[in-house]
Amino acid sequence: MSVRLLIILAILFILDLYAFQSVKFLCKGLSQSQVRNAYIIYWGVSIFCFGIIIIGNIFDWHQWNKMFRTYSFAFVFIVFFSKVFVDIFLLIDDLIRIFRWSGTKIFSIFSVPDSAKAQVVRSGISRSDFLVKAGVIAGAIPFFSLIYGMLNGAYNYRKRKIILTLNNLPQSFHGFKMVQISDIHTGSFTRMDPVKDAIKIINDQQPDVVFFTGDLVNDRHEEALPYIDILKEIKAKHGVYSIFGNHDYGDYMKWESDEAKEENLRKLADVHKQLGWNLLLDEHRHIEKNGERITVIGVQNWSARMGFQKYGSIEKATQNISYSPVNILLSHDPSHWKAQITDHYEMIDLTLSGHTHGMQFGIEIPGFKWSPVQYFYKEWADLYQHKNQFLYINRGLGFLGYPGRVGILPEITVIELRRA
């Protein structure tokens, strides 16, 4: 067991023990058997969660049953994430208690009857019934929301239609319909039917072209193999164009050798070929219609954020390019747009990205949109504009880690080009 894992377990145990204080407080007044049952349930859940973490690090969790692996890890996340909210309220309560306790020390210096001092001390160090209960409620909200998101949000696909007006669009492409999908993460799906449902929605749009902006798998090419016959059913008049995302390179698992990792990527590229997709590895292609054309540029993953790789090269992808009146870039990570495209590649009219998933958690109501991911990515979902250049970020079709979505639902984007 690594030192890093021990540190993580120690931190989680401290958070768990601290949250347990709320259980002890709420159990006051219950019978001995009721208290015992409450304690057994609380620590039984905790032991299960710690066991999953430990076993998952000792044995290769890739070999586990997919459904058990997916939902057990999700449950561990939900439990500890929810307890953080309880701990925050308990911490606020303890800070208030410390402040009051300090006040009683100062108060006791003065000539006050002993009975009054004792009353002050007792009232100063007791826990706040309101704060403890508020903490439990605050923890219950994400707990039940995330459970609901697994049951109802993971496959609740949303079709988003965008009308994009471009000044230089060739007349032949007026009304040209593009469908963008991203972040399928086939390794996370536990059933085939949701993927079939998504493909039906895509084909129902009768797209002129389909763009896939990366992360077909979580780690290994084998994850995509069961879905080849389904995904190859995607139909578009001008075909499907695809790129790699950060997860496609297998950076998040241990490989026997560098050669094994490279072989996995080659086999994943072959999967794209079997699907009939045009995989762009720092390349560009032209789409022609009635003697006019637009250009599609595809780069490998390139991120401006630390922790993510810069595999792609926009310089290579545009080498010897003959730009069209309208040029579309497929780049998985949206941080690429502001880092390189807007300042140095003004000929690129539209960049299509994914990657963020909207963190699969947030709030979207008319006129308001929020997700924790916005504190990491300034551009994280929907359409953005810088002068005459546009960026669209797809919220992703699949999911990663947490097998659900709360507020930020899976997306199929339909972009219709119109001539100004």
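These numbers were taken from a predicted model, which means no experiment stands behind them.
Residue Y377 comes nearest to S335 through the heavy atom pair CE2-CB, 3.9 Å, listed as atom of the first residue, atom of the second, then distance. The shortest heavy-atom contact between Q205 and V414 is CG-CG2, 3.8 Å. Residues P334 and I393 approach most closely at CB-CD1, 3.4 Å, considering heavy atoms. Between S331 and T351, the shortest heavy-atom contact is CB-CG2, 4.4 Å. A pairwise comparison of heavy atoms in F68 and S72 identifies O-OG, 2.6 Å as the closest pair. For the residue pair V217 and D248, the shortest heavy atom distance occurs at N-OD1, 3.2 Å.
Relative to the six-membered ring of Y42, K83 meets both conditions, a distance below 6.0 Å and an angle of at most 45° to the axis. Judged by a 6.0 Å distance limit and a 45° cone about the ring axis, R405 is not positioned over the six-membered ring of F399. The cationic group of K378 does not satisfy the cation-pi geometry with W337, failing either the under 6.0 Å distance to the six-membered ring centre or the 45° limit from the ring axis.
A tilted orientation is assigned to the rings of Y241 and F211, their planes being inclined by 30° to 60°. The aromatic rings of H332 and H355 sit perpendicular, their planes meeting at an angle over 60°, well past the 30° parallel limit. Aromatic ring orientation, F20 versus Y39: perpendicular (interplanar angle above 60°, classes split at 30° and 60°). Ring pair F85/F81 is perpendicular by interplanar angle, where above 60° counts as perpendicular and below 30° as parallel. Below 30°, between 30° and 60°, or above 60°: for F212 and W277 the angle between ring planes is between 30° and 60°, a tilted geometry.
When side chains are defined from C-beta on, F176 does not count as touching R419, because their heavy atoms never get closer than 4.5 Å. Counting heavy atoms from C-beta outward, L164 and L383 have side chains that approach closer than 4.5 Å. I234 places a side-chain heavy atom less than 4.5 Å from the side chain of I181.
Side-chain atoms of N218 and H247 form no donor-acceptor pair, as typed in the model, at a separation below 3.5 Å. Counted by atom type alone, N394 and T413 present one or more donor-acceptor pairs between their side chains at under 3.5 Å. Under the 3.5 Å distance criterion, with hydrogens and angles disregarded, a donor-acceptor pair is assigned to the side chains of S242 and H272. In summary, the side chains of Q340 and H344 do not present any donor paired with an acceptor at a separation below 3.5 Å, with no hydrogens or angles considered. In this structure, a donor-acceptor pair under 3.5 Å is absent between the side chains of Q389 and Y345.
Electrostatic pairing of D94 and R97 counts as a salt bridge here, judged by a charged N lying under 4.0 Å from a carboxylate O. Salt bridge present: D382 and K369 bring a charged side-chain N and a carboxylate O closer than 4.0 Å. A salt bridge does not link E292 to K289: none of the charged nitrogens lies less than 4.0 Å from a carboxylate oxygen. Under the 4.0 Å criterion applied to side-chain N and carboxylate O atoms, R395 and D183 are not assigned as salt-bridge partners. Using a 4.0 Å cut-off between charged nitrogen and carboxylate oxygen, K177 and D208 do not count as a salt-bridge pair. Between K200 and D204 a salt bridge is recorded (basic side-chain N to carboxylate O distance below 4.0 Å).
Here the CD1-CD1 distance, from I199 to I412, works out to 7.5 Å after rounding to the nearest 0.5 Å. To the nearest 0.5 Å, the span separating CD1 on I88 from CG on L131 amounts to 12.5 Å. Taken from CD1 in I162 to CG in L350, the straight-line distance is 10.5 Å, to the nearest 0.5 Å. Between the CH2 atom of W302 and the OG atom of S313 there is a distance of 10.5 Å, given to the nearest 0.5 Å. Rounding to the nearest 0.5 Å gives a distance of 13.0 Å between OG of S172 and CD1 of I287. Considering CD1 of I53 and CD1 of I58, their distance stands at 12.0 Å, rounded to 0.5 Å.
Heavy-atom neighbours of E256 CD from other residues, nucleotides or ligands within 6.0 Å: at or below the threshold of 12. For Q206, the CD atom is loosely surrounded, since the number of other residues' heavy atoms within 6.0 Å does not exceed 12.
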**Message:** Please evaluate residues V296 and N278 with respect to the criterion side chain to side chain contact (heavy atoms under 4.5 Å, CB included), reporting the C-alpha separation (whole Å), side-chain torsions for both, the decisive distance (0.1 Å), and the verdict.
**Reply:** CA-CA 11 Å; V296 180; N278 301 289; over 6 Å; no
**Message:** What verdict does the side chain to side chain contact (heavy atoms under 4.5 Å, CB included) test give for Q360 and I408, after you've listed the backbone C-alpha separation in whole Å, the side-chain angles of each residue and the deciding distance to 0.1 Å?
**Reply:** CA-CA 5 Å; Q360 298 170 211; I408 309 295; 5.8 Å; no
**Item:** Full working for side chain to side chain contact (heavy atoms under 4.5 Å, CB included) between L216 and Y227
**Value:** CA-CA 10 Å; L216 181 60; Y227 300 92; over 6 Å; no
**Prompt:** Going through the checks in order, is the side-chain hydrogen bond (donor to acceptor under 3.5 Å, both in side chains) test met by Y155 and D193?
**Reply:** CA-CA 10 Å; Y155 310 123; D193 287 345; over 6 Å; no
**Asked** Yes or no on salt bridge (Lys or Arg N to Asp or Glu O under 4.0 Å) for E364 and R160, after CA distance, side-chain angles and deciding distance?
**Response** CA-CA 13 Å; E364 283 202 77; R160 296 181 180 273; 3.4 Å; yes
**Request:** Could you walk me through whether L275 and I228 pass the side chain to side chain contact (heavy atoms under 4.5 Å, CB included) test, one step at a time?
**Result:** CA-CA 6 Å; L275 293 173; I228 288 179; 4.0 Å; yes
**Asked** Does the ring pair (Phe, Tyr, Trp, His ring centres under 6.0 Å) test come out yes or no for Y249 and Y311, once each step is laid out?
**Response** CA-CA 9 Å; Y249 298 90; Y311 287 113; 4.1 Å; yes
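Between the side chain of E223 and the backbone N or O of L225, no donor-acceptor pair lies under 3.5 Å. Under the 3.5 Å distance criterion, the side-chain polar atoms of D215 are matched with a main-chain donor or acceptor of N246.
Close placement of the F80 and F50 rings is indicated, their centers lying within 6.0 Å of each other.
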